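For clarity, every value in this text was computed on a predicted model and none was experimentally measured. For the numbers below, each heavy atom of this structure counts, side chains included, while hydrogens, waters and symmetry mates do not.
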Amino acid sequence: MDFTQPKPATALCGVVSADGKIAYPPGVKEITDKITTDEMIKRLKMVVKTFMDMDQDSEDEKQQYLPLALHLASEFFLRNPNKDVRLLVACCLADIFRIYAPEAPYTSHDKLKNLAWVKSYNICFELEDCNEIFIQLFRTLFSVINNSHNKKVQMHMLDLMSSIIMEGDGVTQELLDSILINLIPAHKNLNKQSFDLAKVLLKRTVQTIEACIANFFNQVLVLGRSSVSDLSEHVFDLIQELFAIDPHLLLSVMPQLEFKLKSNDGEERLAVVRLLAKLFGSKDSDLATQNRPLWQCFLGRFNDIHVPVRLESVKFASHCLMNHPDLAKDLTEYLKVRSHDPEEAIRHDVIVTIITAAKRDLALVNDQLLGFVRERTLDKRWRVRKEAMMGLAQLYKKYCLHGEAGKEAAEKVSWIKDKLLHIYYQNSIDDKLLVEKIFAQYLVPHNLETEERMKCLYYLYASLDPNAVKALNEMWKCQNMLRSHVRELLDLHKQPTSEANCSAMFGKLMTIAKNLPDPGKAQDFVKKFNQVLGDDEKLRSQLELLISPTCSCKQADICVREIARKLANPKQPTNPFLEMVKFLLERIAPVHIDSEAISALVKLMNKSIEGTADDEEEGVSPDSAIRSGLELLKVLSFTHPTSFHSAETYESLLQCLRMEDDKVAEAAIQIFRNTGHKIETDLPQIRSTLIPILHQKAKRGTPHQAKQAVHCIHAIFSNKEVQLAQIFEPLSRSLNADVPEQLITPLVSLGHISMLAPDQFASPMKSVVANFIVKDLLMNDRSTGEKNGKLWSPDEEVSPEVLAKVQAIKLLVRWLLGMKNNQSKSANSTLRLLSAMLVSEGDLTEQKRISKSDMSRLRLAAGSAIMKLAQEPCYHEIITPEQFQLCALVINDECYQVRQIFAQKLHKALVKLLLPLEYMAIFALCAKDPVKERRAHARQCLLKNISIRREYIKQNPMATEKLLSLLPEYVVPYMIHLLAHDPDFTRSQDVDQLRDIKECLWFMLEVLMTKNENNSHAFMKKMAENIKLTRDAQSPDEAKTNEKLYTVCDVALCVINSKSALCNADSPKDPVLPMKFFTQPEKDFSNDKSYISEETRVLLLTGKPKPTGVLGTVNKPLSATGRKPYVRSAGTETGSNINASSELSPSAGNRSREQSSEASETGVSENEENPVRIISVTPVKSIDTVKNKEINSDQSTQGNISSDRGKKRIVTAAGAENIQQKPDEKADESGPPAPSKPRRGRRPKSESQGNATKNDDLSKPVSKGRKRAAGSQESLEAGNAKAPKLQDGAKKAVPAERQIDLQR
């Protein structure tokens, strides 16, 4: 309703109607200044009654009395000296506002100004119902205010209301409600002006109204009286709005919120947390610093038992990090705990929180917060892992690739690229696929131009750590393999349909499905895709183009889109089949590498060589850029060989061949080897330049270059026989053992030539082997090794003569592998030579001129050589059980590196199914390894090998014919036989020795018995029972040997029976035992005898701790090749194994003692080149018993020397043989002169040992005898020092000064 202002008509400055008259209610005469005050009061009372009785719907009356309403608002009435007049006018005005709402009866701000200025309503305080008048007035003003009112009108309204609030005795709840209701979101959205009016009013009256607000919230929040106000259900909305208006309004309310945070009602806590999250997180809020108790209480909700509360707390953290970076420190610890929350959604939101803040500004998140995201990339839940990986990838692209925040920010997240690629090592196919996607979209975006994309790849590869490089190489290898599978599938489509074809196609489809997410569902989709391929020739041709070696990146993109378009179904927006096909296409499409890309990479490398590249700017040195660039090209030469075929590329590679960097030249030769098949026909210029370089490298290059050069000539030249002969003849004639430095490369070249071209070079090589390799080189020690006592030295410190001997051993193996037959019995001679080397510890001549570390190298070479020959069936057949056992014992060598490298070679060959199954039994001996990490590594190797063999049998139905060599369970008889011939196993009734046997058996059986596939537990039990019906083929007539074999069988049966209730079922089939190790069972022969007593059986099964000696580190003293546990060295630079003869300074000893307390659980890392290990020892009082025990044990077994197959004995203190003596006590000077050295073998335990270990003075027993003794007082002296060998004569009487002082 729009009211116009009437013209003035009287001396009262009032306003009248358009005709100049004011209409009064019936019976009311005109009210002017000419009547008496009493008369005026009388007439006003009648007007008050009229307005009170009027309704808002009385439109006629409202129009009629409008002039009167305006008249009463004149200054005469509002400032009348009589209190009763002003009171009655105020009552009239209150009703007028009610009647005319929501329209304003006064358009002139003067009227409001008058009302506010003279505070006319303040007189109402004297009325009993004044509160109702004020409530009505406030409601009216809030309802009538709108956009048409100017600021002056709003100010007068504020003046009017604020005067009532500040001059009254207090604000009632109803009046407070009339103000607060305008802050509720629903009202706020309806009338923004009323919200603004209430906001300003509260700000103006904060001192007065704060107490009333506190009382209201106290009633609702603390006392729970929601009936005090209709706004009780909106308390949290009100608190938020009031805080935004002025935090001082809530000074007394905040402690009440702290009380509510501790409520027992989860939903109530959730509501308070939501509220406080907004208060703490808002941009300009300083509540956290102003109210620390409330902030700390709020942080406590991160650990709330109620999941939604924790979730809400985590979501808040993102806003808080962005708006209040200063609070990041407080939040970090709580986010750390939540990043390990049992709830997947909370862990997920922690990542979102951190990544969101980091994307806004990297400075907002500290390294610790980014570390939490890093951890979650290995979360058990895929959704969390995916979020973490994608988040990190986005950060890398933003700050490293685009450099949006400068070099410092790029440096802060430079680790991301390595971490993301490391995830490719995970077993889950989903992880692998996501890494591939991240690589293609974030690390090296495929949509960049070729030059830019290759520059990105070039410098990424140069800056990756070695493990990330391996992962990236593996990624390309997997993609290439999948491409070859698809290529083979398309080839099968070209062949006529047949049963064999369908079977092959099915096998190929299953292989492809394994390379896609959710292989179960993928199988169906791949079958469907295969059906579509069979029906659609155009689709097949598109797919063939996609996987062809000549497909460019642009063509690949077009092909992928074309195939996806053909398979898309417009009626089906979400098409799982199409998604699966896209996954396949993305994996096989060459989106990064083509001929153009290789050319760009070569140009980048040329710039690095010329020194014109941006290497330093990219944070890479020119040398490492060139080297890594060549390595990158080498890897790509395996997966994309066709893309290299250009004169320009080969010219650049020839330039690299001429460089001084050996690694660069080696990589260049390998690239030629992989890609140069058409050089001879298409690029004669390159051929003529390349041949002399290859000849030179084969004769005088590094060993690796020589190997690659020989293979390169063999691979790419048609006249390879002539080329190889030109290398072979001069090299074979010029061999000179007196100059070992110049022998290594020729030996490598000759070995590889004889392996690649056996028909041509096998015969001439035989005379070289007989006259030079064996006679002149291996059987002679020309130089004396450095007697520093180290068991291992870095490659650069190994003597040239030993390096030449190692290459000579490899040459023998390569020569035999080339011949692949034993017609000349050369293999038998070679195996005898290798066995002799193992028996003599690596010192074949036994002249004691060779150093300990060199002996370790030769033992490793000999063991590896036997294992390499075993990969060829014709040589595996002639390897005797004794030779196999010697080879097996290398895995228990005294030198850590020998054990480590041998185990890796063994695993690598087994995993490729190159070695016979019996070699897997060697891993059982790893149970005796003193280093926890080595045992763990061996277990992982076993798991991998067993799973690969089982998977192979499933995927290859024809493999059932070869079950004896493939089925993992068939390793049990080999293991039993190997353990029965363990040199440590000398007495079949010795409980300690049996416990060791049990540990080795369980090390293997535990992995085999994880699942009872096809009733395998009963099958293994049946094998052990059947072995007891045979004899040991190695010594069939020797009763003691057979008894040991049957005893091991009984221990195995004991373990199987105790660990599995299913082993008593019938075996699915009768097992076949290997004839090489067991005789045929004799007719009517039964063997029901139990070879272990019931008491022993109980001791083995109850897990009673085995009493330990002075050092409770290992199961027992290991004194065979590799069975000498070593101690962590702290006193040498290399940290290698040190002999007792090498004296350490007192300071080194002290340093090791200081370290021992901190390193009580230190293990040896697999990746350390020279790992060391600190072992604590027990007080000295136990040493006498143990020392005597050790001596007696050797005395009692003098007669068994020959049966130990030549492995050295060493006197030890219960597993701590490498203990340094006092400097003034020399091994060779004490006791009577030592007789000749006994042959190498692990010292058997004596009968006295069992009693000695029960002595109360010994250290506390430990579980399984592997962990360190607790409560040790002193560590060993620094250095992996060996106690001196006590020769047979010395053992009979050991002087007191020979005792080892452990407390020195």
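Rounding to the nearest 0.5 angstrom, the gap separating the CD1 atom in Ile351 from the CD atom in Glu375 is 10.5 Å. Taken from SG in Cys478 to CZ in Arg587, the straight-line distance is 6.0 Å, to the nearest 0.5 Å. The distance from the CG atom of Asp349 to the CD atom of Glu312 is 9.5 Å, given to the nearest 0.5 Å. Here the straight-line distance linking atom CD1 of Ile416 with atom CG of Leu395 works out to 5.0 Å at 0.5 Å rounding. To the nearest 0.5 angstrom, Gln523 atom CD is 9.5 Å from Asp518 atom CG.
Ring centroids of Phe280 and Phe298 are separated by less than 6.0 Å, placing the two rings close together.
Under 4.0 Å is where a charged nitrogen must lie from a carboxylate oxygen, and between Asp524 and Lys528 no such pair does. Remark: Asp330 engages Arg292 in a salt bridge, criterion side-chain N to carboxylate O under 4.0 Å. Looking at Glu951 and Lys514, a side-chain N of the basic residue comes within less than 4.0 Å of a carboxylate O on the acidic one, giving a salt bridge.
A donor-acceptor pair under 3.5 Å is formed between the side chain of Lys432 and the backbone N or O of Tyr424. Side-chain atoms of Arg338 never come within 3.5 Å of backbone atoms of Val314 as a donor-acceptor pair (strictly under, hydrogens ignored). Under a 3.5 Å cut-off, the side chain of Lys417 and the backbone N or O of Ser414 do form a donor-acceptor pair. Although no hydrogens or angles enter the test, the distance criterion places a donor-acceptor pair under 3.5 Å between the side chain of Asn515 and the main chain of Thr511. Remark: the backbone N or O of Glu1006 is paired with a side-chain donor or acceptor of Thr1010 at under 3.5 angstrom. Checked by atom type and distance alone, the side chain of Ser318 never pairs as donor or acceptor with a backbone atom of Lys315 at under 3.5 Å. Side-chain N or O atoms of Arg310 include one that pairs as donor or acceptor with a backbone N or O of Ile305 at under 3.5 Å.
With Glu387 as reference, His348 is the one residue of Arg347, His348, Arg376 to meet the side chain to side chain donor-acceptor pair (under 3.5 Å) rule.
Looking at heavy atoms from C-beta onward, Tyr425 lies in side-chain contact with Lys470 at the 4.5 angstrom threshold.
Ring geometry for His446 versus His592: interplanar angle over 60°, hence perpendicular rather than tilted (30 to 60°). Ring geometry for Tyr334 versus Phe302: interplanar angle of 30 to 60°, hence tilted.
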